[in-house]
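Residue numbers start at 1 and run along the sequence shown. Source: prediction; values computed, not measured.
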Amino acid sequence: MAENLSFAAQVSEWVKAEQEREAAVLRTAAQMVANNVRTSVAQGGRIPVDTGNLKNSLMASTTSMPTVEQGEKEYSDQSGEIELIIANLDVGETLYLGFQAAYGPRMNYGFVGEDSLGRLYNQAGYGFVDAEAQDWPQTVKRAEETVRGRFEAGPSPRT
């Protein structure tokens, strides 16, 4: 009978480890997306950065898609809040990442025509959001490799 309890405990630990790995891959992949979508063109990414306001307007949520705010607004860096939300993300939850700056969609998709201030544009989009969405399967593979390396290395010694 003791062997059955021991076996049950082992299975439970194995299941727990699998769930931890799955959550770790999800969180790692989500953080990769949040980092990559804010990587500037100058640093090899796709988002144009002049003042940093657009990349600072990225917000994360597990309840709803962050909304684009109308008008001019200055955004502070939300990296810490984004990391915290991702660190608490559970498998099965939806993570919403969205830029709040009013000009975010224009920078991603491009814009041809007259804006609300009467200025004429013929601007190609940078596709920084679309590129990350299309790369999701590869991001998950990279995240799995990263997490696999951590789990196979075993726990790090505490000092």
When every non-hydrogen atom of Ala29 is compared with those of Ala143, the smallest separation belongs to N-CB, 3.5 Å

Quick check against the 3.5 Å criterion: does Tyr103 have a side-chain atom that pairs as donor or acceptor with the backbone of Leu54?
yes

Pro105 and Ala102 have their tightest heavy-atom pair at CD-O, 3.5 Å

Any chain of hydrophobic side-chain contacts (each under 4.5 Å) joining Phe99 to Leu95?
yes

Would you please test Arg150 and Thr28 for side chain to side chain donor-acceptor pair (under 3.5 Å) and show each step?
CA-CA 11 Å; Arg150 278 189 254 153; Thr28 300; 3.1 Å; yes

Check for a donor-acceptor pair, side chain of Asn108 on one end and backbone N or O of Gly104 on the other, with a separation under 3.5 Å.
no

In Asp77, Val49, Asn56, the residue satisfying side-chain contact (heavy atoms from CB on, under 4.5 Å) with Arg38 is Asp77

side-chain contact (heavy atoms from CB on, under 4.5 Å), that's the test. Do Val33 and Trp136 meet it? Break it down for me.
CA-CA 8 Å; Val33 169; Trp136 177 249; 3.7 Å; yes

Decide, yes or no, whether a salt bridge links Asp135 with Lys141 under the criterion of side-chain N to carboxylate O below 4.0 Å.
no

Identify the heavy atoms of Ala30 and Leu89 that sit nearest to each other, and give their distance.
CB-CD2, 4.3 Å

Indicate, with yes or no, if Val129 and Met32 share a hydrophobic cluster defined by side-chain heavy-atom contacts under 4.5 Å among Ile, Leu, Val, Met, Phe, Trp and Tyr.
no

Residues Asp50 and Lys55 bridged, charged N to O under 4.0 Å
no

Would you say Ile47 and Val41 make side-chain contact, with heavy atoms under 4.5 Å?
no

Is there a donor-acceptor contact under 3.5 Å linking the side chains of Gln31 and Asn35?
yes

Indicate if Met59 and Val37 have the same hydrophobic cluster label, given that clusters are the connected sets of ILVMFWY residues with side-chain heavy-atom separations under 4.5 angstrom.
no

Verify whether the ring centers belonging to Tyr109 and Tyr126 lie closer than 6.0 Å.
no

Spacing of Met65 atom CE and Ser61 atom OG [to the nearest 0.5 Å]:
9.5 Å

Looking at CG of Asn53 and OH of Tyr75, how far apart are the two atoms once the value is rounded to the nearest 0.5 Å?
7.0 Å

Does Glu18 pair with Arg21 as a salt bridge, N-O distance under 4.0 Å?
yes

Say you draw a straight line from CG of Leu97 to CD of Gln78; how long is it, rounded to the nearest 0.5 Å?
12.0 Å

Using side-chain heavy atoms (C-beta onward) and a distance below 4.5 Å, is Pro48 in contact with Phe128?
yes

Contact check, side chains of Ile82 and Leu58, non-hydrogen atoms, under 4.5 Å:
yes

In Å, rounded to the nearest 0.5 Å, how long is the span from CZ of Arg46 to OG1 of Thr39?
12.0 Å

Between the main-chain N or O of Gly118 and the side-chain N or O of Asp115, is there a donor-acceptor pair closer than 3.5 Å?
yes

Do Arg106 and Gln123 have side chains that get closer than 4.5 Å, going by heavy atoms?
yes

What distance do Ser57 atom OG and Glu74 atom CD have between them, rounded to the nearest 0.5 Å?
12.0 Å

Inter-residue atom distance Glu93.CD - Ile85.CD1, 0.5 Å rounding:
10.5 Å

